[in-house]
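Remarks on the structure that follows.
If you're wondering where the values come from, they're calculated on a predicted model, not measured in any experiment. Below, all heavy atoms of this structure are taken into account, side chains as well, without hydrogens, waters or symmetry copies. To find a chain, count down the sequence lines: A is the first, B the second, and so on, and within it residues start at 1.
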2 protein chains.
Amino acid sequence: MDTTIMLTLYREQIKSLITFNDEEWYAFASFLKVKKLGKNECFVEAGKVCKELAFIIKGAVRFCNSIDGIEITGYFCFENSFVTSIKSYLTGEPCLYDIKALEETFFVSISKENMQAMLLHPLLSCKVERFGRLVSEKFNILFEDRLKSFIVKTPEERYLDLLETGKDIVKRIPVQYIAQFIGITPVSLSRIRKRILENTPSPNKTKF
Amino acid sequence: MDTTIMLTLYREQIKSLITFNDEEWYAFASFLKVKKLGKNECFVEAGKVCKELAFIIKGAVRFCNSIDGIEITGYFCFENSFVTSIKSYLTGEPCLYDIKALEETFFVSISKENMQAMLLHPLLSCKVERFGRLVSEKFNILFEDRLKSFIVKTPEERYLDLLETGKDIVKRIPVQYIAQFIGITPVSLSRIRKRILENTPSPNKTKF
DNA sequence: TGATTTTCTTATCTTTTGTTAAGAAATCAA
DNA sequence: TTGATTTCTTAACAAAAGATAAGAAAATCA
């Protein structure tokens with residue numbers, strides 16, 4: 001995908017958070033970087049500091065971690081959303097998980113260094129402060145929703161919620177990753193899927 | 001507790017997020033409000049929009065919700081931390097839960113209206129943008145930690161984590177609220193507590 | 001294509017949690 | 001203090017999830 005197209009898409013997608021006149025956009029864009037990852041390549045690796053706040057133009061990633069050899073998927077991010085290891089990015093602590101592309105994925109990214117430079121840039125400073133705040137707030141809203149799903153919903157409900165996002169990439173995500181995302185084992189998700197199928201027979205099939 | 005003392009404590013507590021010269025502080029403080037709630041009084045009620053970003057000077061609150069008559073505690077906030085229904089505060093949507101004082105609690109609060117006024121205030125605008133961003137980032141870090149605890153930890157581990165915060169108010173929080181916070185039933189927490197006691201006999205007691 | 005590897009499902013058994021109900025303990029108010 | 005109410009614990013059973021292993025299905029690759 002062409003760099004210019006990606007930047008244009010990015011400008012369009014973020015305009016609810018920050019808008020520019022041409023001079024500002026030119027300055028802002030000079031701090032941006034486009035990035036492409038192949039399937040299973042890492043956006044960041046566990047143990048390293050995440051120094052990028054990126055936006056997915058196309059593709060998807062999963063957050064995953066190997067603890068004692070067991071892999072955990074904590075989260076997915078799909079296209080048109082921001083992605084970073086937020087705590088690591090903010091605090092400079094090492095990231096606790098990998099962020100890996102689920103398929104070929106295109107990003108527009110701001111390094112922490114460039115973010116800080118922009119916060120000192122006379123033309124951009126205030127707008128970027130605001131942008132940073134709004135992005136951070138977006139993460140808060142996502143987190144609150146996801147946390148609520150863990151507190152008030154069952155694994156089965158979380159699975160149905162994920163299906164209802166309607167994103168067709170969900171159908172292509174390996175079941176084991178989905179299970180980890182929901183917070184259960186793949187075996188358990190298999191049982192849930194079976195249970196759902198049994199309770200929603202196809203219209204042509206009578207149940208005895 | 002005296003208003004002046006509370007504001008002074010507040011200024012001290014938030015100085016890692018925002019600092020002021022005296023003129024700025026005088027302007028900033030004029031937008032602040034102090035607030036006291038008795039036990040079980042609501043900071044916000046479910047169904048209403050949360051219009052306050054508060055800071056707990058002393059006391060604690062719990063986030064709770066009655067769904068189909070069943071009460072859920074989603075979160076606790078203790079002294080020296082910010083409290084708000086972040087999604088409601090940010091989006092203006094109705095809050096999905098009550099935030100109730102667990103005991104007599106003292107707050108320093110900024111209304112959304114005043115926050116927005118400060119964001120337009122020539123003396124405060126940029127600093128408050130930054131403050132807003134940093135507070136939002138603080139919430140992100142808390143959320144990430146809490147979410148991780150749901151994904152990688154068992155209810156028993158979450159309970160032990162809570163005990164290890166060492167806050168003595170934890171000992172005074174009704175067990176049922178703690179159970180809800182952990183994401184299990186009070187019955188289940190009772191069993192966990194028993195299990196823990198059995199596995200850590202007091203030094204004076206021999207186990208047969 | 002066919003062989004190999006990976007992923008997914010199923011089965012069995014164990015552990016944990018939920019549900020309901022009953023009794024003990026603690027709290028609160030008169 | 002006493003009685004009433006609420007909260008906490010325990011028990012019994014049902015439902016769900018974890019662990020392990022084995023087989024089926026799908027994907028990968030030569």
Side-chain angles (χ1 to χ4, degrees), chain A residues 38-41 60 62 64-74 76 100-104 149-163 168-200, chain B residues 38-41 60 62 64 66-73 76 100-104 149-163 168-200:
Chain A
K39 185 174 178 177
N40 286 325
E41 285 186 311
R62 69 188 181 105
C64 55
N65 185 354
S66 293
I67 301 171
D68 307 325
I70 297 153
E71 193 172 65
I72 306 279
T73 295
F76 298 123
K100 276 187 194 171
L102 278 159
E103 54 183 17
E104 186 177 69
S149 82
F150 272 98
I151 294 170
V152 307
K153 296 193 176 176
T154 62
E156 180 165 337
E157 288 169 324
R158 288 199 289 281
Y159 177 64
L160 291 171
D161 283 351
L162 187 61
L163 289 187
D168 56 311
I169 191 193
V170 170
K171 293 171 201 141
R172 302 197 303 275
I173 298 174
V175 170
Q176 55 174 322
Y177 299 159
I178 292 183
Q180 293 159 10
F181 174 79
I182 291 171
I184 57 178
T185 59
V187 176
S188 198
L189 179 57
S190 244
R191 283 188 287 231
I192 288 172
R193 282 153 63 98
K194 195 181 171 193
R195 215 151 60 209
I196 291 171
L197 281 176
E198 282 168 357
N199 292 332
T200 54
Chain B
K39 185 174 178 177
N40 286 325
E41 285 186 311
R62 70 187 180 105
C64 55
S66 293
I67 301 171
D68 307 326
I70 297 151
E71 194 172 65
I72 306 279
T73 295
F76 298 124
K100 277 186 192 168
L102 278 160
E103 54 183 18
E104 187 178 67
S149 84
F150 272 98
I151 294 170
V152 307
K153 296 192 174 176
T154 62
E156 180 164 338
E157 288 169 323
R158 287 199 288 280
Y159 178 64
L160 292 171
D161 284 351
L162 187 61
L163 290 186
D168 57 312
I169 190 193
V170 171
K171 294 171 200 138
R172 302 197 303 276
I173 297 175
V175 170
Q176 54 175 323
Y177 299 159
I178 293 182
Q180 292 160 9
F181 175 78
I182 291 171
I184 56 178
T185 60
V187 176
S188 196
L189 180 57
S190 244
R191 284 188 287 232
I192 288 171
R193 282 153 64 98
K194 196 183 172 192
R195 217 152 59 207
I196 291 170
L197 281 175
E198 282 168 357
N199 293 332
T200 55

Would you kindly give the [atom1]-to-[atom2] distance between [X] and [N], to the nearest whole Å?
X        : N      : atom1 : atom2 : answer
B/Ile184 : C/dT15 : CD1   : P     : 19 Å
B/Ile192 : D/dC8  : CD1   : P     : 15 Å
A/Gln180 : D/dG18 : CD    : C1'   : 14 Å
A/Tyr177 : C/dT6  : OH    : C1'   : 10 Å
A/Lys39  : C/dT6  : NZ    : P     : 13 Å
A/Ile173 : C/dT7  : CD1   : P     : 14 Å
B/Tyr159 : C/dT17 : OH    : P     : 14 Å
B/Arg191 : D/dA17 : CZ    : C1'   : 14 Å

| message | Exactly one of A/Arg191, A/Arg193, A/Lys194, A/Arg195 should register a salt bridge (Lys or Arg N to Asp or Glu O under 4.0 Å) with A/Glu156. Which one does? | response |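 Among A/Arg191, A/Arg193, A/Lys194, A/Arg195, the one meeting salt bridge (Lys or Arg N to Asp or Glu O under 4.0 Å) with A/Glu156 is A/Arg195.
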| task | Taking only the side-chain nitrogens and oxygens of A/Arg195, find out if one of them lies under 4.0 Å from OP1 or OP2 of D/dA17. | result | yes
| query | Is the shortest side-chain N/O distance from A/Lys194 to OP1 or OP2 of D/dA16 below 4.0 Å? | reply | no
| query | Which residue, A/Ser188 or B/Ser188, contacts DNA chain D at a nucleotide closer to its 5' end, judged by nearest heavy atom? | reply |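 Result of the comparison: B/Ser188.
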| Reckon A/Arg193 touches a base, only the sugar-phosphate, or nothing at all at heavy-atom distances under 4.0 Å? |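 Sugar-phosphate only.
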| query | Which is true for B/Ser190 with a 4.0 Å heavy-atom rule: it touches a base, it touches only sugar-phosphate, or it touches nothing? | reply | base
| query | Which heavy atom of A/Arg158 sits nearest a heavy atom of A/Ser149, and at what distance? | reply |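 Reported closest heavy-atom pair: NH1-O, 3.3 Å.
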| field | Shortest non-hydrogen contact between A/Ile151 and B/Gln180, atoms and distance | value |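 Result for this residue pair: CG2-O, 4.4 Å.
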| query | Does B/Tyr177 have B/Arg62 sitting over its ring (NZ/CZ under 6.0 Å from centre, angle to axis within 45°)? | reply |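 Yes, B/Arg62 sits over the ring of B/Tyr177.
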[X] has a side chain; which of [options] sits nearest to it?
X        : options                : answer
B/Val175 : D/dT9, D/dG18, C/dG18  : D/dT9
B/Gln176 : D/dT7, C/dT17, C/dT20  : D/dT7
A/Thr185 : C/dG18, D/dA19, D/dA11 : D/dA19
B/Val187 : D/dA11, D/dA17, C/dA11 : D/dA11

| remark: The single option from A/Leu160, A/Thr185, A/Ile184, A/Leu189 that satisfies side chain to side chain contact (heavy atoms under 4.5 Å, CB included) with A/Pro155 is A/Ile184
